[in-house]
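Every chain is numbered from 1 and lettered A, B, ... according to where its sequence line falls, protein lines coming before strand lines.
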Amino acid sequence: MEIDKAYSPQEKEEKIYTDWQKKGLFNPDTLNRKGAKAFSIVLPPPNVTGTLHLGHASMLAIEDLMIRYKRMQGFDTLWVPGTDHAAIATQNVVEKKIYNEAKKTRHDFERDDFLSLVADFAEKSKETIRNQVRKMGSSLDWSREAYTLDEVRSKAVKKVFKMMSDDGLVYRGYRIVNWCPRCHTTLADDEIVYKETKSKLYWIKYGPFVLATTRPETKLGDTAVAVNPGDERYKDMVGKKYMIPGVLGEFEITVIADEAVDPVFGSGAVKVTPGHSVVDYDMAMRHHIKVKKIIDEDGRMMANCGKYAGMTTFEAREAIVKDMQAMGLIEKIDEDYDNKLSVCYRCKTIVEPLPSSQWFIDVNKKIIKKDNKYFKNGASLKEVSLKVVRDGEIKIIPERFEKTYFQWMENLRPWCISRQIWFGHRIPVWYKKQKSFLVMASRHGEAKNNHEKLLNSDINYRSYTLTEKGRADIAADAERLKREGHKFDIIFTSDFERTMQTAKVFAEAFKAEIIPEKRLREVGMGEFDGQEDVPEGPFDQLRNNFEGWHHNSPKGIESFDSLKIRVESFLNEIKAKYPDKKVMIVTHGDPLRIINGYGTDFSDEEIFNLGFPGVGEQIWIDLARKKERVVTEEVLDSSEWEQDSDTLDTWFSAGLWSFTTLLPKDWDGKDFKSADMKRFHPTTVLETGYDIIFFWVARMILMTTYVLGEVPFENVYLHGLIRDIDGEKMSKSKPETSIDPLDAGNKYGFDAVRLSLLIGNSAGNDIRLYDEKIESYRNFVNKLWNVARFILTSVSDISVDTKNLVGDTLADKWILSRFNTLKREVTRLLDEYNFSLAGEMLRDFTWYELADWYLEIAKVEKNKDAILMSILKEVLAMWHPFVPFVTEAIWSNLNQPEQLIVSAWPETQKDFIDEKIEKQFEVIKQITVGIRNVRAEYNIPYSKDIEAIVAVNSDAEMIESNQDVVKRITRLTEFKVVEVAKGTEYPQPEGYVSGGTFSLGTVFVNLSGAVDLSKERERLQKELDSLEKYLSGLEKKLSNDEYVKNAPANIVEADKARQLESQEKVTSLKAQIAELK
RNA sequence: GGGUGGCUAGCUCAGCUGGUUAGAGCACUUCGUUUACACCGAAGGGGUCGUAGGUUCGAAUCCUAUGCCACCCACCA
């Protein structure tokens, strides 16, 4: 048989892969193992942003190893390929590209035109990725390839969004979000990274306070000052309002007490900017403080910032600090303050928190889903996600990451899922188009009850007229409005006297019709009606306790819910009935809150926090901002409806990956059921990098348990990062240490790249990779090739029956024992996900036992065809999951009925495992090494024949029967075995030197007189010294009664045996040294 | 501030449910073209297992402190 001397991967790999794929061996349907136990993995889809890196290569190697192993074990095995559209990331890449190539931005294109550019780019990336993935040898079932943005996945996304919307889990809200001014979109909490920076800390004079801030420009959005509730210094100030001097004049703040404030830091007082700080926003919510937005989506100061409007936040900061200094408002400035800036994880731009209307998933809302085992009795997404891992339904490897997972999941906030980018799944929500319908709402003028500070809401009990001032103010307002050119046809007014009178003044000015409307009446004040109206009086206290007032009616006060229903029903009605009229509304304070919040995405509490205009003030509201909204999977008539322009966070679709990949190509979108789903879901293992445990793993668990009532996977195997030789992340800026898997594979073969990523790589730990490492595995692959080459060229019949093996010689029995131990151990290690150790054991066996010893012996002992062929076949099988190409290449020479990829995983034959045989072989090895030692020490080339004598006190026969082996390996002309009685020494023959003492005796090598006595003495003495040291340690240990008493018997026995053996060796060595004198 | 991982031979890493004289690869030294392989073979040098305590008959392995290095999380203005 002609076999190449060296293995050249470049010639073989591609052909082998194509052949596997052509025969459909990656496809479980071709293998037809339905009914067998399933083993499935879905490939973590690489982003279509470009090409693969070593992280991908590592992922592919590990997953392919698992899949091939299980396939060989007869499992119904599926590995699904796919790619991820990676919304922001991909859009960024394409934006950069069009900017570099044509200096254009996406806004120079129509949305659809831009999207088709991105789609083209994505298609090209996919093709590149596919080719790279194939090169790695990945046995993926390409017939099931998926893409997070293809038709099936789009249908699934819409369906899940609708489900969640129906369950009230997805909602639109006006909240503070993380905003990237560069990407022009929101970011999820975990899409933010922190950057250590030095910045200035400004100590500013702030009314009665002095406080520190890194962002003086946000002072324009301040609405409160917060202190710690336990802080005695500010105790009396809590709850009070103060006027604070600022660069745009005075403004009002409320002092609040909140645990979030650290009394020890700075002055213990914090300015609160709820519009532009997540922490401040939360505090504002807790204390019903107004949110004031002053920075827009471009990171510029808004129109409400006076002369600073239009500046970037940085420009504004400088300008404001300058102005504050001029006003004497800056106490001091600390330079070099350590600060952590939040930046966008994609583009590293500083993130600006700002309030914005977005879609969220409520992870804390308890829902009941009867058809879902996890939600049957009511649970939140968060609770279920925690439970399935706590209960062990999902096992994370390595286990320590479970802790990380719990910690993150427990602290999970509402998940913002809308993104203001174009590429991605467009949010399946449609809004009814409608004409703008601007109405003015006015509070009545000052009435007598206002003047006398009395509460009044019971029209039947008492009703108050306007004061003179009230009338005059309204008349002036009417004049002003007229001057400004406003017209009104109808005035709807609350039927209280003060509102009716106000309406009349307006009606006369505008010649408008008055329609009294009960639904616009003041909020019912219950038992407080008629009482004194003081700020923070009993009525205010009850109403301002929103939780208590929201749904309930304490002391007869009309609830917020009731107020909202009647006012909104009125607004809805006029919007429908009077679309062509100019409408004015005259009403009271609390109903104005509702009008203020009408059609916004504010929560009830936030609407309440909006407050209302003062007596005699007006607001303008476009009633069209409240739109009819449907969540639907359908495409609606675009003349009547328009779709939400936002897209979904890429992790929304990625979160569904474990099961959407198992839907058929022609899925009807009805329910999440399919043959594959039944057969392969939950998937067996999710293998991915620990860096995306939050982004992806957690989200898949959250989404899948909700949608299916199943976990997405039973096991999570997390691999580490691949680092360069210096332990740093590989990057394009360090090309000298950065390795491209393709280049490395083309140079050393992809088997070698795989091995370098598998051996030495344990779960959850980072590994370093560099050329020398890959090279050493290339060398191993070549060694394996040559092992096969030797066996194939030396056996007389490669088709020899390997079923019933019989070991004739000691070496045969030894290798069979070792090999079966190996099979047992490797199988166990692979089952325990310890791929690295399994690979190491395989390598050690292949190289240091099979090649170094057994094959050498096979050159002497003949008739080993069956054993050699059997071991070759099974060794190849065990290596196959690690190095599929070279093993299949060798296999093709073996005249086998089927490909190695689908052949059976070797069974361990325990009967062959024999410790006694292994011990005996150790003796032969020791004799051999002893003789080789002498050759090395005395520089005797192998071309020069020598003689040796072995003196033993037992097993002489065994040694004698192996003498041919020893003779050949060590090149002896003569090998004599002498048996001496135990306790007596064999006198060192003249002209011989000791090759070392071993467990049974001593080996002597004939130097034909050329013995260097002093050298020999030195060598023996050295051996004796170390041995005596060892022995004295042993003796000390054994003379310790505690040890003998406490240690397990077998341990003590073993030590005793060692002691005995060492004593014999010492005696023998001493005798030899004595002989030399 | 909380948490996790690492610290073992010159380098990269195994070993760590406590019990052979602590291993491998690379590098190094010496020798070698013995009919599979120089992408090879033989032999060898090299480590008080970060430090300090403790538990134990016995610790690289368990516990407690602690020092570096790396990473993750968190609302210190």
Side-chain angles (χ1 to χ4, degrees), chain A residues 3 5-7 190 194 201 211-215 218 226 260-262 264-267 269-273 277-283 339-340 398 400-401 403-404 407-408 411 690-691 693-694 720-721 723 725 727-728 748 752 759-762 764-770 772-773 775-794 836-837 840 843-844 848 851-852 855-856 859 929 932-937 939-943 968-971 1026-1027 1029-1031 1033-1034 1037 1040-1048 1050-1052 1054-1055 1057-1058 1062:
Chain A
I3 299 172
K5 204 164 160 181
Y7 172 63
D190 46 304
Y194 296 93
L201 184 67
L211 37 80
T213 180
T214 50
R215 299 194 60 187
T218 62
V261 180
D262 179 356
V264 188
F265 185 87
S267 61
V270 193
K271 65 194 234 11
V272 178
T273 320
S277 152
V278 177
V279 191
D280 292 4
Y281 183 87
D282 288 349
M283 272 201 272
N339 195 19
K340 269 186 199 155
R400 67 183 136 93
F401 281 100
K403 207 170 164 181
T404 319
Q407 198 190 331
W408 185 83
N411 295 316
Y690 66 70
D691 51 331
I693 179 165
F694 305 136
L721 269 42
R723 297 175 175 279
I725 192 163
E728 286 168 39
Y748 299 111
I759 296 182
N761 187 357
S762 56
N765 294 326
D766 296 351
I767 58 159
R768 300 183 190 201
L769 193 69
Y770 37 88
E772 291 89 324
K773 212 177 207 172
E775 205 178 307
S776 77
Y777 289 112
R778 187 271 318 262
N779 295 351
F780 172 76
V781 167
N782 188 60
K783 184 79 183 182
L784 183 62
W785 175 261
N786 273 290
V787 164
R789 186 160 99 104
F790 172 76
I791 293 176
L792 291 178
T793 48
S794 61
S836 175
L837 209 51
E840 266 183 78
R843 181 191 52 188
D844 290 351
Y848 310 119
D852 286 352
L855 295 192
E856 289 307 315
K859 291 174 185 170
V929 171
R932 280 172 172 170
N933 244 316
V934 174
R935 274 197 184 273
E937 290 281 337
N939 275 338
I940 307 166
Y942 278 82
S943 50
R968 171 64 186 273
I969 293 179
T970 56
R971 297 259 142 181
S1026 82
L1027 196 61
K1029 205 171 139 200
Y1030 169 57
L1031 183 61
L1034 259 181
K1037 196 167 160 191
N1040 184 340
D1041 287 345
E1042 292 293 308
Y1043 169 64
V1044 180
K1045 206 164 67 195
N1046 292 316
N1050 60 323
I1051 300 289
V1052 179
D1055 271 343
R1058 277 181 216 121
S1062 310

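The same atom, P, is picked in B:rU34 and in B:rG41; the two are 14 Å apart, to the nearest Å. Taking atom P in both B:rG50 and B:rC16, one finds a spacing of 16 Å when rounded to whole Å. Distance check on atom C1': B:rA24 versus B:rA14 gives 7 Å, rounded to whole Å. Using P as the reference atom, B:rA9 and B:rG23 are 14 Å apart when rounded to the nearest Å. A gap of 38 Å separates the P atoms of B:rC68 and B:rU29, to the nearest Å. B:rA22 and B:rC26: their P atoms are spaced 22 Å apart (whole Å).
When the P atom of B:rA77 is taken as reference, atom OH of A:Y281 falls 21 Å away, rounded to whole Å. B:rC76 atom P lies 15 Å from atom CZ of A:R215, rounded to whole Å. The distance from atom CG of A:D766 to atom C1' of B:rC69 is 13 Å, rounded to the nearest whole Å. For A:F401 and B:rG3, the CZ to P distance is 17 Å, given to the nearest whole Å. Separating the CG atom of A:L721 from the P atom of B:rG5 is a distance of 17 Å, rounded to the nearest angstrom. Atom OH of A:Y770 and atom C1' of B:rC11 are 7 Å apart (whole Å).
The base of B:rA42 does not come close enough to the side chain of A:E856 for any donor and acceptor atom to sit less than 3.5 Å apart.
Contact annotation for A:L201: no contact, since no heavy-atom pair falls under 4.0 Å across all strands. At the heavy-atom level, A:V270 lies under 4.0 Å from base atoms of the strands shown. Residue contacts for A:K271: at a heavy-atom cut-off of 4.0 Å it reaches no nucleic acid atom on any strand shown. Here A:A851 lies in heavy-atom contact (under 4.0 Å) with a base. Residue A:R968 is classed as a base contact, given a heavy-atom separation below 4.0 Å to a base.
Taking 4.0 angstrom as the limit, A:Y848 places a side-chain polar atom (N or O) nearer than this to OP1 or OP2 of B:rG25. Distances shown here put every side-chain N or O of A:Y942 at or beyond 4.0 Å from the OP1 or OP2 atom of B:rU34. Remark: A:R778 is not in phosphate contact with B:rC39, judged by side-chain N or O atoms under 4.0 Å from OP1 or OP2. In this structure, A:R1058 does not reach the B:rU21 phosphate: none of its side-chain N or O atoms is under 4.0 Å from OP1 or OP2. Taking side-chain N and O atoms only, A:Y194 has a distance below 4.0 Å to OP1 or OP2 of B:rC75. Side-chain nitrogen and oxygen atoms of A:N933 include none within less than 4.0 Å of the OP1 or OP2 phosphate oxygen of B:rA42. For A:S762 and B:rA14, the shortest distance from a side-chain N or O to OP1 or OP2 is below 4.0 Å. The phosphate of B:rC39 has neither OP1 nor OP2 within less than 4.0 Å of any side-chain N or O from A:K783. For the pair A:N1046 and B:rC57, the criterion of a side-chain N or O lying under 4.0 Å from OP1 or OP2 is met. Between A:K859 and the phosphate of B:rA36, there is a side-chain N or O to OP1/OP2 separation shorter than 4.0 Å. Side-chain N/O atoms of A:N761 include none lying less than 4.0 angstrom from OP1 or OP2 on B:rC13. Phosphate proximity of B:rU4 to A:R400: absent, as no side-chain N or O sits under 4.0 Å from OP1 or OP2.
Considering only side-chain atoms of A:P1048, the nucleotide from B:rG19, B:rA38, B:rA77 that sits closest is B:rG19. Distance from the side chain of A:A1047 is smallest to B:rC57 among B:rC37, B:rC57, B:rC39. Set against B:rC57, B:rA77, B:rA14, the side chain of A:N765 has B:rA14 as its closest nucleotide. Here the side chain of A:R932 is nearest to one of B:rA77, B:rA43, B:rA24, namely B:rA43. Nearest to the side-chain atoms of A:N939 among the listed nucleotides B:rG25, B:rC31, B:rC39 stands B:rC31. Relative to the side chain of A:Q407, the nucleotides B:rC37, B:rG2, B:rU34 differ in distance, and B:rG2 lies closest. Of the candidates B:rA70, B:rG25, B:rC37, B:rA70 carries the atom nearest the A:R723 side chain, counting heavy atoms from C-beta on. For A:N339, whose side chain is taken as the heavy atoms from C-beta onward, the closest listed nucleotide among B:rC73, B:rA43, B:rA77 is B:rA77. The side chain of A:N786 sits closest to B:rC37 out of B:rA77, B:rC37, B:rG2. Nearest nucleotide to the A:K403 side chain, out of B:rU4, B:rU12, B:rA43: B:rU4.
Judged by distance alone, with hydrogens and angles left aside, the side-chain atoms of A:K773 form a donor-acceptor pair with the main-chain N or O of A:R768 at under 3.5 Å. Of the possible polar contacts, one joining the A:R935 side chain to the A:T970 backbone as a donor-acceptor pair under 3.5 Å is found. The backbone N or O of A:I759 sits nowhere less than 3.5 Å from a side-chain atom of A:S836 that would complete a donor-acceptor pair. For the pair A:D766 (side chain) and A:G720 (backbone), a donor-acceptor distance under 3.5 Å is absent. Side chain of A:R971 to main chain of A:Y942: no donor-acceptor pair is present (N/O by atom type, distance under 3.5 Å, no hydrogens or angles).
Applying the 5.5 angstrom centroid cut-off and the 30 degree plane-angle cut-off, the aromatic ring of A:Y1043 is not stacked upon the base of B:rC57.
Under 3.5 Å, the side chains of A:N786 and A:Y7 contain no donor-acceptor pair of N or O atoms. Checked by atom type, the side-chain pair A:N765/A:S762 shows a donor-acceptor distance below 3.5 Å. No side-chain N or O of A:S794 forms a donor-acceptor pair with one of A:K859 less than 3.5 Å apart.
For A:Y748 and A:Y777, the ring centers are positioned 6.0 Å apart or more.
Each of A:D852 and A:E775 was matched to the nucleotide of RNA chain B holding its nearest heavy atom; the match closer to the 5' end belongs to A:E775. Where A:V1044 and A:I767 meet RNA chain B, the nucleotide closest to each residue was compared, and A:I767 sits on the side nearer the 5' end.
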